[in-house]
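First up is the structure itself, then whatever we jot down about it.
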Amino acid sequence: MSDEDEFARLVTTRSRELLRAGWLLTEDWALAEDLVQSALESTWRHWASVERRDAPEAYVRRVMLTTWLRWRRRRWLGEIPTLTDHESDIAADEVVGNRDVLLVVFAALRTLSARQRAVIVLRYFNDLTEAETAIALGCSPGSVKVHSARAFAKLRQLPSLEGLLNEGSQP
Amino acid sequence: MTDQKQPTPTEEVAMAALLQRVTPEPPRAISVAAILSRAGSDRPKTAYWARGWRPLATASVLVAAVVATIVAITHHGSATVAPAATGRPTTHHSAVTSPSSSPSPSQSSAVVTCRAGSLVGSAGAAGMVRGSTFVPIRVTNSASSPCSVSGYPIIAVTGHHINTAGQPMSAEEAISISVQHGSLYARADPGAHVITLASGATAVFYIGSGTGPGPGLDTVLITGLTLRIPGIVGAVSVMIGAPGLASTSRTGEPFGLEITALGNP
(Lines give C-alpha, C1' and ligand atoms only; values in the text may rest on other atoms or scores of the structure.)
Protein backbone atom coordinates (compact mmCIF):
# COMPACT_ATOMS: atom_id res chain seq x y z
CA MET A 1 0.00 0.00 0.00
CA SER A 2 1.43 3.38 -1.00
CA ASP A 3 2.05 6.26 1.41
CA GLU A 4 -0.92 8.11 -0.07
CA ASP A 5 -3.16 5.10 0.49
CA GLU A 6 -1.98 4.70 4.08
CA PHE A 7 -2.52 8.38 4.78
CA ALA A 8 -5.94 8.33 3.10
CA ARG A 9 -6.90 5.40 5.29
CA LEU A 10 -5.88 7.32 8.40
CA VAL A 11 -7.95 10.33 7.34
CA THR A 12 -10.94 8.24 6.34
CA THR A 13 -11.06 6.11 9.45
CA ARG A 14 -10.06 8.61 12.13
CA SER A 15 -11.02 12.12 11.03
CA ARG A 16 -14.60 11.79 12.27
CA GLU A 17 -13.54 11.21 15.87
CA LEU A 18 -10.79 13.81 15.62
CA LEU A 19 -13.32 16.36 14.37
CA ARG A 20 -15.77 15.58 17.13
CA ALA A 21 -13.02 15.92 19.74
CA GLY A 22 -11.97 19.19 18.11
CA TRP A 23 -15.54 20.42 18.36
CA LEU A 24 -15.64 19.61 22.09
CA LEU A 25 -12.47 21.63 22.53
CA THR A 26 -13.35 24.62 20.34
CA GLU A 27 -17.19 24.59 20.37
CA ASP A 28 -17.06 25.52 16.70
CA TRP A 29 -17.02 23.23 13.65
CA ALA A 30 -14.96 25.62 11.52
CA LEU A 31 -12.25 25.84 14.19
CA ALA A 32 -12.39 22.09 14.70
CA GLU A 33 -11.87 21.56 10.97
CA ASP A 34 -8.94 24.00 10.96
CA LEU A 35 -7.43 22.18 13.89
CA VAL A 36 -7.74 18.70 12.40
CA GLN A 37 -6.67 19.76 8.91
CA SER A 38 -3.58 21.54 10.27
CA ALA A 39 -2.65 18.45 12.25
CA LEU A 40 -3.18 16.16 9.26
CA GLU A 41 -1.15 18.42 6.99
CA SER A 42 1.73 18.35 9.45
CA THR A 43 1.41 14.58 9.69
CA TRP A 44 1.61 14.22 5.91
CA ARG A 45 4.69 16.45 5.72
CA HIS A 46 6.43 14.22 8.24
CA TRP A 47 4.85 10.99 7.06
CA ALA A 48 8.09 9.04 6.61
CA SER A 49 9.19 9.48 10.22
CA VAL A 50 5.63 9.32 11.59
CA GLU A 51 4.96 6.04 9.82
CA ARG A 52 8.31 4.65 10.96
CA ARG A 53 7.24 5.25 14.57
CA ASP A 54 4.05 3.34 13.75
CA ALA A 55 1.78 5.77 15.56
CA PRO A 56 0.32 8.23 13.05
CA GLU A 57 -2.87 8.84 15.00
CA ALA A 58 -0.93 9.66 18.16
CA TYR A 59 1.12 12.14 16.12
CA VAL A 60 -2.02 13.79 14.70
CA ARG A 61 -3.50 14.10 18.16
CA ARG A 62 -0.29 15.53 19.60
CA VAL A 63 -0.13 18.21 16.89
CA MET A 64 -3.82 18.93 17.30
CA LEU A 65 -3.56 19.44 21.05
CA THR A 66 -0.36 21.46 20.82
CA THR A 67 -1.99 23.74 18.26
CA TRP A 68 -5.14 24.16 20.31
CA LEU A 69 -3.20 24.92 23.50
CA ARG A 70 -1.21 27.52 21.54
CA TRP A 71 -4.46 29.07 20.29
CA ARG A 72 -5.68 29.26 23.83
CA ARG A 73 -2.47 30.88 25.08
CA ARG A 74 -2.69 33.49 22.33
CA ARG A 75 -6.32 34.02 23.20
CA TRP A 76 -7.44 33.45 19.63
CA LEU A 77 -10.37 31.83 21.31
CA GLY A 78 -10.82 34.72 23.74
CA GLU A 79 -14.28 35.23 22.31
CA ILE A 80 -15.96 32.09 23.48
CA PRO A 81 -18.66 31.20 20.98
CA THR A 82 -22.13 30.73 22.36
CA LEU A 83 -24.48 28.09 21.12
CA THR A 84 -26.35 30.73 19.16
CA ASP A 85 -23.17 31.56 17.23
CA HIS A 86 -22.85 28.13 15.75
CA GLU A 87 -26.43 27.04 15.64
CA SER A 88 -26.14 27.35 11.90
CA ASP A 89 -23.60 24.54 11.99
CA ILE A 90 -25.78 22.16 13.97
CA ALA A 91 -29.27 21.25 12.94
CA ALA A 92 -31.55 21.28 15.95
CA ASP A 93 -32.31 17.59 15.66
CA GLU A 94 -28.61 16.74 15.54
CA VAL A 95 -28.03 17.83 19.09
CA VAL A 96 -28.79 14.66 20.88
CA GLY A 97 -31.12 15.22 23.77
CA ASN A 98 -31.78 18.92 23.85
CA ARG A 99 -30.12 22.26 23.51
CA ASP A 100 -30.06 22.86 27.24
CA VAL A 101 -27.90 19.79 27.83
CA LEU A 102 -25.36 21.08 25.36
CA LEU A 103 -25.39 24.51 27.01
CA VAL A 104 -24.79 22.99 30.41
CA VAL A 105 -21.93 20.82 29.18
CA PHE A 106 -20.18 23.65 27.39
CA ALA A 107 -20.70 25.97 30.37
CA ALA A 108 -19.13 23.31 32.57
CA LEU A 109 -16.18 22.76 30.23
CA ARG A 110 -15.54 26.52 30.15
CA THR A 111 -14.93 26.52 33.90
CA LEU A 112 -11.87 24.32 33.31
CA SER A 113 -8.37 25.33 32.33
CA ALA A 114 -7.26 24.41 28.80
CA ARG A 115 -5.31 21.37 29.95
CA GLN A 116 -8.09 20.20 32.26
CA ARG A 117 -10.57 20.46 29.41
CA ALA A 118 -8.20 18.60 27.09
CA VAL A 119 -7.80 15.81 29.65
CA ILE A 120 -11.57 15.47 30.01
CA VAL A 121 -12.05 15.26 26.23
CA LEU A 122 -9.16 12.88 25.60
CA ARG A 123 -9.82 10.58 28.55
CA TYR A 124 -13.60 10.42 28.48
CA PHE A 125 -14.60 11.21 24.91
CA ASN A 126 -11.69 9.64 23.04
CA ASP A 127 -11.33 6.92 25.67
CA LEU A 128 -7.55 7.26 25.86
CA THR A 129 -5.53 5.87 28.72
CA GLU A 130 -3.64 8.18 31.07
CA ALA A 131 -0.40 7.29 29.26
CA GLU A 132 -1.89 8.05 25.82
CA THR A 133 -3.37 11.30 27.11
CA ALA A 134 0.01 12.24 28.53
CA ILE A 135 1.65 11.68 25.13
CA ALA A 136 -0.99 13.82 23.41
CA LEU A 137 -0.45 16.66 25.89
CA GLY A 138 3.31 16.28 26.20
CA CYS A 139 3.19 15.81 29.96
CA SER A 140 3.56 12.98 32.45
CA PRO A 141 0.79 10.52 33.34
CA GLY A 142 0.95 11.94 36.86
CA SER A 143 0.05 15.38 35.50
CA VAL A 144 -2.90 13.84 33.68
CA LYS A 145 -4.16 12.40 36.96
CA VAL A 146 -3.80 15.78 38.65
CA HIS A 147 -5.60 17.63 35.83
CA SER A 148 -8.35 15.04 35.85
CA ALA A 149 -8.85 15.26 39.62
CA ARG A 150 -8.89 19.06 39.56
CA ALA A 151 -11.32 19.09 36.64
CA PHE A 152 -13.75 16.79 38.41
CA ALA A 153 -13.38 18.82 41.60
CA LYS A 154 -14.64 21.85 39.67
CA LEU A 155 -17.35 19.94 37.82
CA ARG A 156 -18.73 18.43 41.05
CA GLN A 157 -19.49 21.95 42.23
CA LEU A 158 -21.85 22.59 39.32
CA PRO A 159 -25.35 21.54 40.34
CA SER A 160 -26.66 21.56 36.76
CA LEU A 161 -23.98 19.13 35.62
CA GLU A 162 -24.36 16.93 38.66
CA GLY A 163 -27.91 16.10 37.62
CA LEU A 164 -26.82 15.21 34.11
CA LEU A 165 -23.99 13.02 35.34
CA ASN A 166 -26.33 11.16 37.64
CA GLU A 167 -28.78 10.78 34.79
CA GLY A 168 -26.00 9.57 32.47
CA SER A 169 -24.84 6.96 34.94
CA GLN A 170 -28.25 5.30 35.02
CA PRO A 171 -28.28 2.00 33.12
CA MET B 1 -10.01 23.99 49.46
CA THR B 2 -11.40 22.11 46.51
CA ASP B 3 -11.88 18.40 46.72
CA GLN B 4 -9.24 16.79 44.51
CA LYS B 5 -10.02 13.13 44.82
CA GLN B 6 -9.78 11.09 41.68
CA PRO B 7 -13.01 10.64 39.68
CA THR B 8 -14.94 7.52 40.62
CA PRO B 9 -15.64 4.86 37.96
CA THR B 10 -19.30 5.95 38.04
CA GLU B 11 -18.34 9.55 37.36
CA GLU B 12 -16.03 8.47 34.55
CA VAL B 13 -18.71 6.38 32.86
CA ALA B 14 -21.27 9.17 33.24
CA MET B 15 -18.89 11.76 31.80
CA ALA B 16 -18.07 9.55 28.81
CA ALA B 17 -21.76 8.94 28.15
CA LEU B 18 -22.59 12.63 28.48
CA LEU B 19 -19.86 13.74 26.07
CA GLN B 20 -20.92 11.14 23.51
CA ARG B 21 -24.52 12.23 23.94
CA VAL B 22 -23.96 15.91 23.24
CA THR B 23 -21.44 15.58 20.42
CA PRO B 24 -23.13 15.49 17.01
CA GLU B 25 -21.79 14.21 13.72
CA PRO B 26 -19.44 16.59 11.90
CA PRO B 27 -21.28 18.60 9.24
CA ARG B 28 -18.53 17.93 6.69
CA ALA B 29 -15.93 15.24 6.16
CA ILE B 30 -12.24 16.03 5.89
CA SER B 31 -11.06 15.79 2.27
CA VAL B 32 -7.90 13.74 1.77
CA ALA B 33 -7.31 15.36 -1.62
CA ALA B 34 -7.44 18.86 -0.14
CA ILE B 35 -4.86 18.00 2.50
CA LEU B 36 -2.55 16.31 0.00
CA SER B 37 -2.75 19.21 -2.42
CA ARG B 38 -2.09 21.79 0.33
CA ALA B 39 0.73 19.88 1.98
CA GLY B 40 2.05 17.77 -0.89
CA SER B 41 4.65 20.16 -2.25
CA ASP B 42 6.24 20.62 1.19
CA ARG B 43 6.38 16.97 2.02
CA PRO B 44 9.85 15.45 2.44
CA LYS B 45 10.20 12.25 0.45
CA THR B 46 12.09 10.43 3.17
CA ALA B 47 12.81 10.69 6.86
CA TYR B 48 15.31 13.32 7.93
CA TRP B 49 17.96 10.76 8.76
CA ALA B 50 17.68 9.18 5.31
CA ARG B 51 17.80 12.60 3.64
CA GLY B 52 20.94 13.37 5.63
CA TRP B 53 22.76 10.24 4.53
CA ARG B 54 21.60 10.03 0.93
CA PRO B 55 23.94 12.77 -0.42
CA LEU B 56 26.78 11.18 1.55
CA ALA B 57 26.06 7.81 -0.02
CA THR B 58 25.92 9.37 -3.50
CA ALA B 59 29.24 11.11 -2.90
CA SER B 60 30.80 7.83 -1.71
CA VAL B 61 29.75 6.07 -4.91
CA LEU B 62 31.21 8.87 -7.04
CA VAL B 63 34.50 8.80 -5.12
CA ALA B 64 34.69 5.00 -5.48
CA ALA B 65 34.08 5.29 -9.23
CA VAL B 66 36.83 7.90 -9.63
CA VAL B 67 39.28 5.79 -7.59
CA ALA B 68 38.44 2.70 -9.67
CA THR B 69 39.04 4.62 -12.89
CA ILE B 70 42.41 5.90 -11.63
CA VAL B 71 43.43 2.38 -10.56
CA ALA B 72 42.41 0.98 -13.96
CA ILE B 73 44.44 3.64 -15.81
CA THR B 74 47.43 3.17 -13.49
CA HIS B 75 47.46 -0.62 -14.01
CA HIS B 76 46.81 -0.49 -17.71
CA GLY B 77 49.04 -3.46 -18.40
CA SER B 78 46.91 -5.88 -16.39
CA ALA B 79 43.62 -4.40 -17.64
CA THR B 80 43.05 -7.39 -19.93
CA VAL B 81 42.36 -9.52 -16.84
CA ALA B 82 40.30 -7.03 -14.90
CA PRO B 83 37.36 -6.66 -17.32
CA ALA B 84 37.07 -10.42 -17.61
CA ALA B 85 37.05 -10.76 -13.81
CA THR B 86 34.45 -8.07 -13.32
CA GLY B 87 32.26 -9.07 -16.26
CA ARG B 88 31.83 -12.74 -15.62
CA PRO B 89 30.16 -12.75 -12.25
CA THR B 90 27.32 -10.53 -13.40
CA THR B 91 26.58 -12.63 -16.46
CA HIS B 92 26.97 -15.83 -14.47
CA HIS B 93 24.73 -14.44 -11.76
CA SER B 94 21.90 -13.72 -14.15
CA ALA B 95 22.43 -17.02 -15.89
CA VAL B 96 22.16 -18.85 -12.60
CA THR B 97 19.14 -16.97 -11.26
CA SER B 98 16.93 -17.37 -14.30
CA PRO B 99 16.93 -21.19 -14.26
CA SER B 100 16.43 -21.24 -10.48
CA SER B 101 13.47 -18.91 -10.76
CA SER B 102 11.77 -20.92 -13.46
CA PRO B 103 10.80 -23.91 -11.28
CA SER B 104 8.66 -21.81 -8.92
CA PRO B 105 5.90 -21.04 -11.46
CA SER B 106 5.75 -24.69 -12.41
CA GLN B 107 5.57 -25.61 -8.69
CA SER B 108 2.74 -23.18 -8.00
CA SER B 109 0.87 -24.27 -11.12
CA ALA B 110 0.98 -27.83 -9.79
CA VAL B 111 -1.25 -26.78 -6.87
CA VAL B 112 -4.85 -26.55 -7.99
CA THR B 113 -7.26 -23.85 -6.93
CA CYS B 114 -9.44 -24.89 -4.00
CA ARG B 115 -13.04 -25.92 -4.60
CA ALA B 116 -15.68 -24.13 -2.57
CA GLY B 117 -17.01 -27.47 -1.34
CA SER B 118 -13.68 -28.33 0.26
CA LEU B 119 -13.35 -25.04 2.11
CA VAL B 120 -14.77 -24.59 5.60
CA GLY B 121 -15.33 -21.07 6.90
CA SER B 122 -15.36 -20.01 10.53
CA ALA B 123 -15.29 -16.72 12.41
CA GLY B 124 -12.89 -15.98 15.24
CA ALA B 125 -13.58 -13.81 18.24
CA ALA B 126 -14.36 -10.20 17.43
CA GLY B 127 -11.82 -7.66 18.62
CA MET B 128 -11.87 -3.93 19.15
CA VAL B 129 -9.11 -1.33 18.98
CA ARG B 130 -10.01 2.30 19.69
CA GLY B 131 -13.63 1.87 18.71
CA SER B 132 -12.84 -0.02 15.50
CA THR B 133 -14.24 -3.53 15.62
CA PHE B 134 -12.96 -6.39 13.52
CA VAL B 135 -13.50 -10.11 13.19
CA PRO B 136 -11.13 -12.70 11.70
CA ILE B 137 -12.64 -15.09 9.15
CA ARG B 138 -10.78 -18.35 8.70
CA VAL B 139 -10.95 -20.52 5.60
CA THR B 140 -9.71 -24.08 6.08
CA ASN B 141 -8.87 -26.62 3.39
CA SER B 142 -10.77 -29.78 4.34
CA ALA B 143 -9.62 -31.72 1.26
CA SER B 144 -6.87 -34.34 1.48
CA SER B 145 -4.65 -32.56 -1.05
CA PRO B 146 -3.18 -29.07 -1.10
CA CYS B 147 -4.94 -26.29 -2.96
CA SER B 148 -4.59 -22.53 -3.30
CA VAL B 149 -6.66 -19.43 -2.56
CA SER B 150 -5.91 -15.79 -3.22
CA GLY B 151 -7.24 -12.25 -3.25
CA TYR B 152 -9.97 -10.31 -1.50
CA PRO B 153 -13.07 -12.38 -0.79
CA ILE B 154 -16.36 -11.02 -2.08
CA ILE B 155 -18.77 -10.93 0.82
CA ALA B 156 -22.50 -10.63 1.39
CA VAL B 157 -23.73 -10.26 4.96
CA THR B 158 -26.85 -10.80 7.02
CA GLY B 159 -27.74 -9.35 10.39
CA HIS B 160 -30.14 -7.37 12.54
CA HIS B 161 -30.77 -3.67 12.86
CA ILE B 162 -30.35 -2.82 16.55
CA ASN B 163 -31.34 0.08 18.77
CA THR B 164 -29.09 2.11 21.05
CA ALA B 165 -29.53 -0.46 23.80
CA GLY B 166 -28.20 -3.18 21.48
CA GLN B 167 -31.58 -4.88 21.15
CA PRO B 168 -32.54 -6.33 17.73
CA MET B 169 -35.14 -4.23 15.89
CA SER B 170 -35.61 -6.59 12.95
CA ALA B 171 -35.41 -10.22 11.96
CA GLU B 172 -32.19 -11.36 10.33
CA GLU B 173 -32.05 -9.90 6.86
CA ALA B 174 -29.61 -9.16 4.07
CA ILE B 175 -27.64 -6.00 4.84
CA SER B 176 -26.62 -3.53 2.17
CA ILE B 177 -22.88 -2.93 2.46
CA SER B 178 -20.08 -1.06 0.75
CA VAL B 179 -16.73 -2.79 1.00
CA GLN B 180 -13.31 -1.20 0.92
CA HIS B 181 -10.16 -3.27 0.44
CA GLY B 182 -7.09 -2.54 2.53
CA SER B 183 -5.68 -2.51 6.03
CA LEU B 184 -7.97 -2.19 9.01
CA TYR B 185 -7.08 0.06 11.88
CA ALA B 186 -6.03 -2.97 13.88
CA ARG B 187 -4.87 -5.38 11.19
CA ALA B 188 -2.53 -4.86 8.25
CA ASP B 189 -3.54 -5.98 4.78
CA PRO B 190 -1.13 -8.60 3.36
CA GLY B 191 -2.26 -7.72 -0.17
CA ALA B 192 -3.57 -10.13 -2.77
CA HIS B 193 -1.24 -13.10 -3.19
CA VAL B 194 -1.52 -16.83 -3.71
CA ILE B 195 -1.60 -18.94 -0.56
CA THR B 196 -1.08 -22.67 -0.81
CA LEU B 197 -3.12 -24.50 1.79
CA ALA B 198 -1.97 -27.96 2.78
CA SER B 199 -4.69 -30.36 3.87
CA GLY B 200 -6.15 -28.94 7.08
CA ALA B 201 -4.31 -25.61 6.75
CA THR B 202 -6.06 -22.29 7.19
CA ALA B 203 -5.97 -18.86 5.57
CA VAL B 204 -7.46 -15.83 7.27
CA PHE B 205 -8.81 -12.44 6.34
CA TYR B 206 -10.28 -9.69 8.51
CA ILE B 207 -13.50 -7.73 8.24
CA GLY B 208 -13.61 -4.46 10.11
CA SER B 209 -15.97 -1.65 10.86
CA GLY B 210 -14.38 1.69 11.65
CA THR B 211 -17.47 3.53 12.77
CA GLY B 212 -19.11 3.67 16.16
CA PRO B 213 -22.65 4.47 17.20
CA GLY B 214 -23.73 8.07 17.03
CA PRO B 215 -26.65 10.38 16.47
CA GLY B 216 -28.39 10.09 13.13
CA LEU B 217 -26.81 6.72 12.47
CA ASP B 218 -28.37 3.31 11.99
CA THR B 219 -26.59 0.43 13.64
CA VAL B 220 -26.56 -3.12 12.41
CA LEU B 221 -25.20 -6.25 14.03
CA ILE B 222 -23.73 -8.59 11.42
CA THR B 223 -24.24 -12.22 12.36
CA GLY B 224 -23.59 -14.13 9.15
CA LEU B 225 -21.79 -13.83 5.88
CA THR B 226 -21.37 -15.59 2.60
CA LEU B 227 -18.00 -15.33 0.96
CA ARG B 228 -16.81 -16.05 -2.53
CA ILE B 229 -13.12 -16.29 -3.27
CA PRO B 230 -11.86 -14.95 -6.59
CA GLY B 231 -11.38 -17.73 -9.13
CA ILE B 232 -13.45 -20.23 -7.16
CA VAL B 233 -16.96 -21.18 -8.16
CA GLY B 234 -19.37 -21.45 -5.26
CA ALA B 235 -19.72 -19.79 -1.88
CA VAL B 236 -18.74 -20.50 1.71
CA SER B 237 -21.09 -19.60 4.55
CA VAL B 238 -19.85 -18.39 7.91
CA MET B 239 -21.77 -17.67 11.09
CA ILE B 240 -20.43 -14.88 13.26
CA GLY B 241 -21.05 -15.69 16.90
CA ALA B 242 -21.96 -13.26 19.66
CA PRO B 243 -21.37 -10.40 20.06
CA GLY B 244 -21.23 -10.11 16.26
CA LEU B 245 -19.77 -7.31 14.23
CA ALA B 246 -21.44 -3.91 14.62
CA SER B 247 -21.44 -1.32 11.87
CA THR B 248 -23.11 2.04 11.50
CA SER B 249 -24.23 4.19 8.60
CA ARG B 250 -26.38 7.18 7.93
CA THR B 251 -29.98 6.22 7.40
CA GLY B 252 -30.56 4.77 3.94
CA GLU B 253 -26.87 4.41 3.12
CA PRO B 254 -24.98 1.11 2.88
CA PHE B 255 -22.96 -0.01 5.88
CA GLY B 256 -19.23 0.50 5.36
CA LEU B 257 -16.93 -2.46 5.90
CA GLU B 258 -13.24 -2.92 5.29
CA ILE B 259 -11.65 -6.22 4.45
CA THR B 260 -8.10 -7.42 4.07
CA ALA B 261 -6.90 -9.94 1.51
CA LEU B 262 -6.53 -13.59 2.42
CA GLY B 263 -3.28 -14.16 4.28
CA ASN B 264 -1.55 -16.57 6.57
CA PRO B 265 -2.91 -16.75 10.13
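We name chains A, B, ... by the order of the sequence lines, and we start the count at 1 in each one. Side chains are part of it too, since the values below use all heavy atoms of this structure and drop only hydrogens, waters and symmetry mates.
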**Report entry** Side chain, backbone, both or neither of A/L18 within contact of chain B (heavy atoms, under 4.5 Å)
**Finding:** neither
Query - A/L10 versus chain B, the contacting section by heavy-atom distance below 4.5 Å - result: neither
Query raised in the report: What's the verdict on side chain to side chain contact (heavy atoms under 4.5 Å, CB included) for A/V101 and B/L18, showing C-alpha distance, side-chain angles and the deciding distance?
Result: CA-CA 9 Å; A/V101 175; B/L18 186 59; 4.1 Å; yes
Query raised in the report: For A/F7 and B/I35, what are the C-alpha separation, side-chain angles and deciding distance, and is it a side chain to side chain contact (heavy atoms under 4.5 Å, CB included)?
Result: CA-CA 10 Å; A/F7 180 72; B/I35 294 170; 3.8 Å; yes
From [X] atom [atom1] to [Y] atom [atom2], the distance as rounded to the nearest 0.5 Å:
| X | Y | atom1 | atom2 | answer |
| --- | --- | --- | --- | --- |
| A/R150 | B/Q6 | CZ | CD | 11.0 Å |
| A/L19 | B/I30 | CG | CD1 | 4.5 Å |
| A/E6 | B/D189 | CD | CG | 9.0 Å |
| A/S148 | B/M15 | OG | CE | 9.0 Å |

Nearest heavy atoms of [X] and [Y], plus distance in Å:
| X | Y | value |
| --- | --- | --- |
| B/L184 | A/R9 | O-NH1, 2.8 Å |
| B/L36 | A/W44 | CD2-CE2, 3.3 Å |
| A/W23 | B/P24 | CZ3-CD, 3.3 Å |
| A/R20 | B/T23 | NH2-O, 2.7 Å |

**Report entry** CA sep, side-chain torsions, deciding dist, call: B/E258, A/T13, side chain to side chain contact (heavy atoms under 4.5 Å, CB included)
**Finding:** CA-CA 10 Å; B/E258 298 166 303; A/T13 56; 3.4 Å; yes
Report task. Give every residue pair that meets the salt bridge (Lys or Arg N to Asp or Glu O under 4.0 Å) criterion with at least one member in residues 133-149 of chain A, sequence neighbours excluded. Result -> A/E130-A/K145
Requested in this report: Go through the steps for A/I120 and B/L19 under the test side chain to side chain contact (heavy atoms under 4.5 Å, CB included), then give the verdict.
Outcome: CA-CA 9 Å; A/I120 292 293; B/L19 292 178; 4.0 Å; yes
**Report entry** Carboxylate-amine/guanidinium contact A/R123 B/E12, below 4.0 Å
**Finding:** yes
Query raised in the report: Ignoring hydrogens and geometry, is there a side-chain-to-backbone donor-acceptor pair from A/R16 to B/E25 under 3.5 Å?
Result: no
